[in-house]
Structure formats: structure tokens, C-alpha cells
Amino acid sequence: MDALPMEEQSGLPFSSLNRGRAHTCGHDIHTAFLLGAARMLKEREKELSGTVKLVFQAGEETLEGAQEMIRAGILENPAVDAAVGIHVQPTLLPGYLNYPAGTFLASSDTFEIRIQGKGGHGGQPHLGIDPINVAAHIILALQSLQVKEVAADIPVVLNVCQVEAGSASNIVPDTARLSGTVRTYDDSACRKLKIRMRQIVEGTAQMFGAVGELIFAEQCPCTVNDPELAGFFSESLRHFGAGFITDGDYKMQVSDDFGFYTQKVPSVMFVIGCGNSEGGQGHNHSPYVIYNEEVLVTGAALLAHCAWDWLEKH
Ligand SMILES: [Zn+2]
Ligand SMILES: [Zn+2]
């Protein structure tokens, strides 16, 4: 249900009215999916062969929501035997469904880098220690880690997405702050990267006389689709709808807190296409993204169908 901190630029008549907040990851669509599925299942509740729990998703962007829900007991009373999640993807055509068996979405480590320099006059940088200069060297060194220290066949993303420093054009600030994300499918590559990142941050800062600190937030695990459950759904969805493509079978370098559920119960995460027929309009996290609303019906029906059919066959 979470939005992103940006100004919507889609030009749609129903654009976000909240300044600096926009549903540019499609989570409003996910909420509508589940409400639609709830209505369908409720209408035929007496015929259902079991209990369905509908779990809305608060805090996906921070990748912490599912962890909180599990701690609060969402998987108990009654115990959950299987789980299904869904995310929209406007770079895929409508009806396209991607849900490979095994590791599907990457793990995510969010990091923050704090650099303590020594502020002063912009015209006399030699009297201080410029944390912006240190930050620039750290960013470049981190980027070379990905290319020079990880084997080419191991997919890894190490991205600095936020840079904060300074208040005026003639003041050397005291501190600089960077933040970013690491995405991998490989635990040992991830561990090695994190060790090297710390060495680069602390070592580069020291080289310039500053102090650098690297802080990692709690990790979100990979989303791993249970092969048996994924096989069940590929059979079950074969007759789901005319023109519906279900053979997507590739990993995606994004993360989802649904990964926490996949560690606890057999689960399948679907990524569903909702680009326009011309090939989609933008991508998730873009202020210009436009989702093809045909997906509302398909997504809701898909969730209801999965719950219905799984209960019937188990
Ligand atoms: Zn997102
Ligand atoms: Zn999202």
C-alpha cells in the first residue's frame, strides 16, 4: 500500500493529490487486486475447500512490512500452508506472467555511508577536509567493485541512489551522507561485497583525513518460488484465459519483502505484465509510469483462482 516519495508526472486525471507522494510502483493496483479477489471468494465462500487469508502489503518499499506481519503472527491461527504474491510490471505486456521456479527476485541490502570531514570556507578548502570530495572517491571505488571483484556470471547490483551534502556554493560542509542498495542472488558474493565495501568506505575516508562509516539496514532475503507450487500453478493456469501467457521464466534484479514469506511457507510470487499494447509506458519507480488498467480484472481473478484451485486440489 506504500507510495514513493516523488511527484507524479503521468498527466492522468486521477494523479496523486498528495504532493511528493505517488503510487509509482503500482501498489494501489495490488490493493485493488486483493479487494477484487476478496469479493470473488466471498461470493462463493460456502464452496471454498478451506480458509483464505488476504494479506495486504504495508512497507514493501522499505522491505520490512512482511517481517513485521510475520512477527505479528500472520502465518498462524490458522497456519498458512501456501502463499501467493503478485507485483505489476509495466515493461511486460498485459497478460504476461513471470514466476520461475527457484530463486526469482534478488535479496536487498540497504546501506548508508556517513562521512565526517571538516567544514570551512569554500575559498579555503585546504583549511578543512571536504567530505564531498571523499564521497565522490567512495562512489567511484564502489562502482569498480562490481566490475572488478565479482565474477562476470554472478549478477550483482551495487548502486548509490542518494547523495546529501552541503548548504551553499561557498561553504565546505562538515559531513556528507550517501545511501544505496545491494542486490544479489548469491549469499557468498554478497558477504564478500559487504566486507570490501566497508574497507573502501573506511580506507578512502582515512586516505583524505576524514572518517567514514558504513551502516547496513536489515537484509531482505531473495524471493524463492517453491518448485512444486510453481509447477502446480503452471498446470492450473493453463486454461486461465485466452491469450494469457504464463511461460515467463527469468530472474529479476528487484526485491520484494514477500521474500520473507517464501522462507517460511511454500510460496509463489507472480510478476504480471501491465504495459500498454504498444509495449508499456515507463517503468516502476518512474514519475511518468502509466499502468494498463486491463490488469485489474486479470490480477484479481488470478489471485482468486489460485486460492480456489489450490484449496480444491489439496
Ligand atoms: Zn517499488
Ligand atoms: Zn513494489
Side-chain angles (χ1 to χ4, degrees), residues 1-10 12 15-16 18 20-37 54-70 83-92 94 96-100 103-111 157-162 179-185 217-225 248 250-262 267-275 280-293 295-296 298-300 302-303:
M1 291 178 271
D2 43 358
L4 283 160
M6 60 169 70
E7 209 67 51
E8 181 166 349
Q9 306 284 343
S10 68
L12 289 169
S15 290
S16 173
N18 298 313
R21 299 278 183 274
H23 274 300
T24 44
C25 201
H27 298 187
D28 49 347
I29 296 176
H30 304 161
T31 305
F33 280 169
L34 200 54
L35 286 170
L54 307 169
V55 183
F56 290 89
Q57 192 179 27
E60 187 254 45
E61 293 299 346
T62 58
L63 298 168
E64 289 168 348
Q67 180 97 307
E68 296 290 314
M69 297 286 268
I70 291 167
V84 164
I86 195 164
H87 203 295
V88 289
Q89 180 54 259
T91 56
L92 299 176
Y96 195 93
L97 205 58
N98 186 26
Y99 59 105
T103 303
F104 178 22
L105 307 180
S107 67
S108 167
D109 284 276
T110 303
F111 64 85
V157 170
L158 196 179
N159 212 11
V160 176
C161 300
Q162 204 178 17
S179 81
T181 184
V182 179
R183 311 286 171 117
T184 68
Y185 303 108
E218 197 163 14
Q219 189 192 44
C220 175
C222 292
T223 292
V224 182
N225 284 341
Y250 57 93
K251 292 179 181 186
M252 297 177 84
Q253 203 85 7
V254 290
S255 310
D256 197 292
D257 64 329
F258 188 74
F260 285 107
Y261 295 123
T262 70
S267 311
V268 164
M269 177 78 180
F270 295 106
V271 167
I272 189 167
C274 60
Q281 193 105 339
H283 48 87
N284 286 332
H285 292 209
S286 156
Y288 302 99
V289 68
I290 294 176
Y291 300 94
N292 184 332
E293 289 166 46
V295 78
L296 285 166
T298 322
L302 179 88
L303 289 175

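Small disclaimer: the values here were computed from a predicted structure and weren't measured. For ligands, and for the atoms within them, numbers begin at 1 and follow the listed sequence. We're numbering straight along the sequence, starting at 1.
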For the Zn ion (ligand 1), the nearest N/O/S atom on Glu61 is atom OE2

Taking the Zn ion (ligand 1) as the vertex, measure the angle between atom SG in Cys25 and atom NE2 in His285; round to 10°. 110°

Report yes if some heavy atom in the side chain of Glu60 is under 4.5 Å from a heavy atom in the side chain of Asp256; otherwise report no. yes

Student check: side-chain heavy atoms of Tyr96 and Thr91 closer than 4.5 Å: no

Just give me the atom name: the N, O or S atom of Glu60 closest to the Zn ion (ligand 2). OE2

Examine distances only and state if a side-chain atom of Tyr99 and a backbone atom of Ile272 form a donor-acceptor pair shorter than 3.5 Å. no

Using a cut-off of 6.0 Å, state whether more than 12 heavy atoms not belonging to Tyr288 lie near its atom OH. no

Mind checking whether the Zn ion (ligand 2) has an N, O or S of His30 under 2.8 Å? no

